[in-house]
Amino acid sequence: MAGSTLASPTAEIAAVRRAPVTPGREAWRRFRKHRMAVASAVVLSLMILAVLFGHFFWTLAIDDIDFSARLQHPSWAHPFGTDDLGQDILARVLYGGRISLAVGFAAMAVAVLVGVTVGSIAGMSRGFVDTALMWLTDLFLSLPQLPLLLLIIYLFRDALTKVVGVEMGVFILIVAVIGGFRWMPVARLVRAQFFSLREKEFVEAARALGASRTRIVMQHILPNSLGPVIVAGTIDVAAAIIAESTLSFLGLGFPPDTPTWGRLLFDAKDNLDFAPHWAIFPGLMIFLTVLTINFVGDGLRDALDPRRVV
Amino acid sequence: MAQYILRRLLIAIPSLLGISVILFTVLALAPGDPFEELATNPAIPPDVRAALRASLGIDDPVHIRYFRWLTAMLQGNWGFSFVSRVDVDQLILQRLPATLLVIGTSQILALAIALPVGVFAATRPYSVFDQVANTLAFIGFSLPTFFTGLLMILLFSVTLGWLPFVYRTDIDATGWRWWWEHLRQTIMPVLVLGLFQGASWTRFVRSAVLDVIRLDHVTTARSKGLPESRVTMRHVVRNALIPVVTLVALQMPAVFGGAIVTEQIFRIPGIGSLLISAILANDTPVIMAVTFVFACLVIFFNLLADVLYGWLDPRISYS
């Protein structure tokens, strides 16, 4: 490029060379410069810790019905208030957070796994296979995702819950479907990386030394193309959390007695005028989680993939 | 130009067919049998049931059923809603205008925010304005639409009492008053969708402009003595819009997803809320048709993006 405007504030054209720096430390140095990302990483870790271990310290049960304490505003006894059955919202938010995070990370894993597989196959093969796989990727990109998500869950929920139980069935279904609709950007990124990497000298050298195709892919190309994948994967966690909350908010996600964040909002929306706290706390949790994950993703992009901006 | 659009249309047909195959596969793989109820009904003997199945073609191979379904869809025979006893295509036609109105207005609002803010931020990279805009954009697309919707209802309807939070189609007023009431009830849904999309597009626009702004042809334009505004508008923005159009087209499925949520919150009688109520009522023909309509809309907007692309980028030849 002819210009000198940097794609991101921390992407330096020529870093001052001190002692030999490992790629990991170099990435960490760039990540640290993104102040919002560092702050978000701290907040996000705190929230994850709270969600994972909070129930040891906040021991109220999520389904402890207490009609004498219905729809109470936040107080010391109930920091987030109570709902229409007198159930403690803090306990329910902590429980819902575990589900939301589990769905987010599991769906990300599915998306990255499918995306890397499709992308590497397309990136290593020329001609027909590549064209067909990219057509499939483009087709999936133009699918109306939310309607299809709703359709698939509507059609398959009952059958799956019969086999593995209600919560597990819905969990598997939601993770598979959300992951199955989010692999396309990863596939495209991986394919593009493969296209440029497979012509590089070090791959040529490995081939000259007689390395097998699998070894070239697994040892040489794939590790070098993971930077953008990590960034995309981070953003995917946030997207999956939003998707799960949306389903629950529409009343079509987890069963009513499972208090996910979206489900809490769904229950709260008809009581907005006299119990606004009921909706605000779960909503704030979704917002904070997604915001911090997005910022961390942005910092990781500066650290691992300084050329791309969007 | 006409030829270019025609070619794009022809390319869209395989995509539509692919989507219809996926839709049909999902339906065919789904467990459950429409004849389940009859099977447990003792008044219907097994041979009658078998004859019924044969006459409806349920036991035919999958591909034959697919082609039968496809031809019916193409002929406009979209079936019959189990719940409201109306033809599905009529039902959708009734609901479609509300959806398109809300989506269209909110997209215009999103562009009206994203273009100026993104361009202004990119021409002053890392300034205070840029940083504030960037942070606000992050907040904007991290707020899920269902939460902003509830917050707006809380603020504008419950606390301030300025705007109605239920969308009504039967406003008993005429003339200016009718328009005014319609405007008031459309403000919140449009704001929710528009701000969300505007936030993510601001970042697209900013980075696209940043990519273009220091290219040689821009420096040349500036050294010719052109005023800065003309350089920005003619030499930067137009080129920067090319990748933005692609990204906006890729966002279309998300836009429709957001529209479903907003319609549900504000009870707008569009096809999104039709889909949700159909799912809750097990109304399969309506669910299938609405999903297919959403797919067609996504393809249509991709087509529109392709045409825009051809207009913006003279390197793409029409022939």
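Just so we're on the same page: letters track the sequence lines, and every chain starts at 1.
Within the structure, side chain to side chain donor-acceptor pair (under 3.5 Å) pairs that include any residue of residues 271-280 of chain B do not occur (at least two apart or interchain).
In this structure, the separation between CG on B:Leu16 and CG on A:Leu139 is 9.5 Å, given to the nearest 0.5 Å. How far CD1 of B:Ile139 is from CG of A:Leu291: 6.0 Å, rounded to the nearest 0.5 Å. Put simply, CG on B:Leu275 and CG on A:Leu151 are 8.0 Å apart, with the number rounded to the nearest 0.5 Å. Summarising the geometry, atom CD1 belonging to A:Ile153 is positioned 9.0 Å from atom CD1 belonging to B:Ile279; distances are rounded to the nearest 0.5 Å. Of the inter-residue distances, the one linking B:Thr291 atom OG1 with A:Leu146 atom CG reads 10.0 Å to the nearest 0.5 angstrom. Put simply, OG on B:Ser142 and CD1 on A:Ile293 are 9.5 Å apart, with the number rounded to the nearest 0.5 Å.
Across every non-hydrogen atom of B:Phe294 and A:Pro144, the tightest pair is CB-CB, 3.8 Å. Here the closest heavy-atom approach between residue A:Phe156 and residue B:Val26 is recorded as CZ-O, 3.8 Å. Scanning both residues, A:Trp135 and B:Pro14, for their nearest heavy atoms gives CZ2-O, 3.7 Å. Here the shortest heavy-atom pairing between B:Phe147 and A:Leu265 reads CD1-CD2, 4.3 Å.
Between chain B and the residues A:Ala238, A:Ala239, A:Ser245, A:Ala243, the largest count of heavy-atom pairs under 4.5 Å involves A:Ser245. Ranked by heavy-atom pairs under 4.5 Å with chain B, the first of A:Leu288, A:Ile280, A:Thr289 is A:Ile280. Ranked by non-hydrogen atom pairs under 4.5 Å with chain A, the options B:Asn302, B:Ile287, B:Ile153, B:Ile299 are led by B:Ile287. Across B:Ser157, B:Ala254, B:Ala295, the residue that shares the most heavy-atom pairs under 4.5 angstrom with chain A is B:Ala295. With respect to chain A, the highest number of heavy-atom pairs below 4.5 Å among B:Leu23, B:Leu151, B:Ile276 belongs to B:Ile276.
Residues B:Ile260 and A:Pro147 have side chains in contact (heavy-atom distance under 4.5 Å, counting atoms from C-beta outward). Using a 4.5 Å heavy-atom cutoff, the side chains of B:Thr145 and A:Thr246 are not in contact. Within the 4.5 Å cutoff, no side-chain heavy atoms of B:Leu280 are placed close to those of A:Tyr154. At least one side-chain heavy atom of A:Phe249 sits under 4.5 Å from a side-chain heavy atom of B:Leu150. A 4.5 Å side-chain heavy-atom check between B:Arg203 and A:Asp298 finds at least one atom pair inside the cut-off. Under the 4.5 Å side-chain criterion, counting only non-hydrogen atoms from C-beta, B:Phe141 is in contact with A:Asn294.
For A:Met36, the side chain to side chain contact (heavy atoms under 4.5 Å, CB included) partners are A:His34, A:Phe295, B:Thr135, not counting sequence neighbours.
Looking at B:Leu143, the atoms closer than 4.5 Å to chain A (heavy atoms on both sides) sit in the backbone and in the side chain alike. Within the 4.5 angstrom heavy-atom criterion, only side-chain atoms of B:Ile265, from C-beta onward, approach chain A. Looking at B:Phe256, neither its backbone nor its side chain comes within 4.5 Å of chain A, counting heavy atoms on both sides.
Residue-environment remark: CZ (B:Phe129) exceeds the threshold of 12 foreign heavy atoms within 6.0 Å. Within 6.0 Å of the CZ atom in B:Arg124, the count of heavy atoms belonging to other residues, nucleotides or ligands exceeds 12.
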> side-chain contact (heavy atoms from CB on, under 4.5 Å) between A:Leu143 and B:Val298: does it pass, once the steps are laid out?
Replying inline: CA-CA 7 Å; A:Leu143 285 176; B:Val298 171; over 6 Å; no
